[in-house]
Amino acid sequence: MVLIILFLCAYIVPSIVLNFLQITHIKSALKTKAILLDSLDYKKAGNYALENLMLDTIQKCVEFGLFVFWVVFGLSFFWQWLQEIGLNGAWHHIAFLLLLLLIPLLVTLPLSFYQTFSIDKRYGFCKQSVGLFFIDLLKTSLLSIILGGVIFYVLLWVMDSFSFWWLGGFVLMFGVVVVANAIYPTLIAPLFNKFTPLEDTELKSRIEELLDKVGFKSNGIFVMDASKRDGRLNAYFGGIGRTKRVVLFDTLLEKISKDGLLAILGHELGHFKHKDILKNLATTGVFLFALFFLAAHLPESFFAQASLPQESTTTLALIFLLSSVISFWFLPLVGYFSRKAEYRADAFGATLSSKQCLANALVRLINENKSFPSSHWLYICFYYSHPPLLERLRALDYEI
Ligand SMILES: [Zn+2]
C-alpha cells in the first residue's frame, strides 16, 4: 500500500495538478488579446495545447492503473508464470524485465494512436500513414528487446558479481548512455529516417563557414525526411566526438529563410560552445547515480508488498517502476539549468547572426509549430527545457 500511495502522492497527483494549472492558465490567456500569433493561430495553438494536456491527464491515470496492476498482481504473476513456462536462470530474469518494458508500450498504444491520428491530424501536423506508425512500433519493440536484453544481461551480472553492485550498475548504465549518444546519429536514427547530405551548395558553404567560425568539426550536414511523419520544424546537432553531425529537418528547409536557418544553427552552436551536451550527459549521470543509490536502499517491505523475492532482478523492476517518481522531482532542477543554457545559447547565436534575425526565426518557428506562447510559471518550472518564448524575445530586445 505504501508503494501505491507514494506513486500517487509524489507523482500522479502533482503532475495532474500541474496539468490543471496549465489548462486554467491557457483558458484565461485565450480570452485576452493574441500575442505573437494572429488571432486564429493563437486560438488554434491554445486549443492544441489544451487537447494535449487533457490527453496527458488521461495518460497519468492509465499510468497509475498500470502501477497498481504491477504491484498488486502483475509482478508476482509474471515472475511465476515465466518460470512455469520453462524459463529459468538468466532467461527468466531478462524476460521478466523485458515484459516490464513492453507491456506499458502496448497499454498506452491507444493513447499514442489517438494523439497522432486524431489530435495531430486535426491540427495539420500528422503526415504519416497508419502503416508507418505500426512499423515504427515494431522497430522500437525489437530494438528494446535486443538492446534491452543485452544490457539487462550485463547489468544483472555486474549486480551479482560485485559487492558495491549499485556503483558498478551506475558505471555500466552511464557508459551505455554515453555510447548511445555517440552511436545514435549514425546507427539508430537511420533505422527510422533517411539522412541525405545537404545538396544546396550555397547553403552548405554558408553553414560550413559558420561551423568553422566556432571550431565545430562535424562529419557532415544532413537533411532528414522528417516530413514523412510530422510537419513541425527542427534542427539538431547529434552525436558526440567524431560522430557529430548537423541534422536539418526537411520541413525546416522548406519553411524558413536561409538567414533564419543560420540563426537557429547559431543558437545550436551556442550549446556546443558552452559544452551543454556534455553538461546534459553529466546531469543524466547524476540522475542515474541517484537511481542506483536508491535501488540499493529500497526497504524490504516494498518487495513484500509486491510479493517478490528480494534479489537483483526484482530490485531493478521496482526501481524501474519508481523511476517516473524520481525523474519527476528531477525535472525542476534539470529545467532550471537547461533554461539558463538556452538564454546563453541565444546570446551566443545572436553574436553570429543578429538579435533581430534570431528573434524573427524563433517567432517563425512557434508560428509553424503552433506553440502556445504563454504558460503557468509552475508548469514552466517543471516541464520547460526552454524559457517561454516571450522571455527569450525580451532578452533579445525584440519588440512584442
Ligand atoms: Zn537550445
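Each ligand, and each atom within it, is numbered from 1 in the order the structure gives.
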### Message
Let's go through Ser375 and Gln22 carefully: what are the C-alpha distance in whole Å and the side-chain angles of both, what is the deciding distance for side chain to side chain donor-acceptor pair (under 3.5 Å) to 0.1 Å, and is it a yes or a no?
### Response
CA-CA 6 Å; Ser375 283; Gln22 177 74 342; 3.1 Å; yes
### Message
Would you say the Zn ion (ligand 1) has Glu342 as a near neighbour, meaning an N/O/S atom of that residue under 2.8 Å away?
### Response
yes
### Query
For the side-chain contact (heavy atoms from CB on, under 4.5 Å) test, which of Leu210, Val246, Leu265 pairs with Phe216?
Val246
### Query
When you check the gap from the basic side-chain N to the acidic O, do Lys258 and Asp200 get nearer than 4.0 Å?
yes
### Message
Suppose we only allow N, O or S atoms; which atom of His271 ends up nearest to the Zn ion (ligand 1)?
### Response
NE2
### Query
Measuring to the Zn ion (ligand 1), does His386 have an N/O/S atom at a distance below 2.8 Å?
no
### Message
Do the side chains of Asp136 and Arg229 get close enough for a salt bridge, i.e. N-O under 4.0 angstrom?
### Response
yes
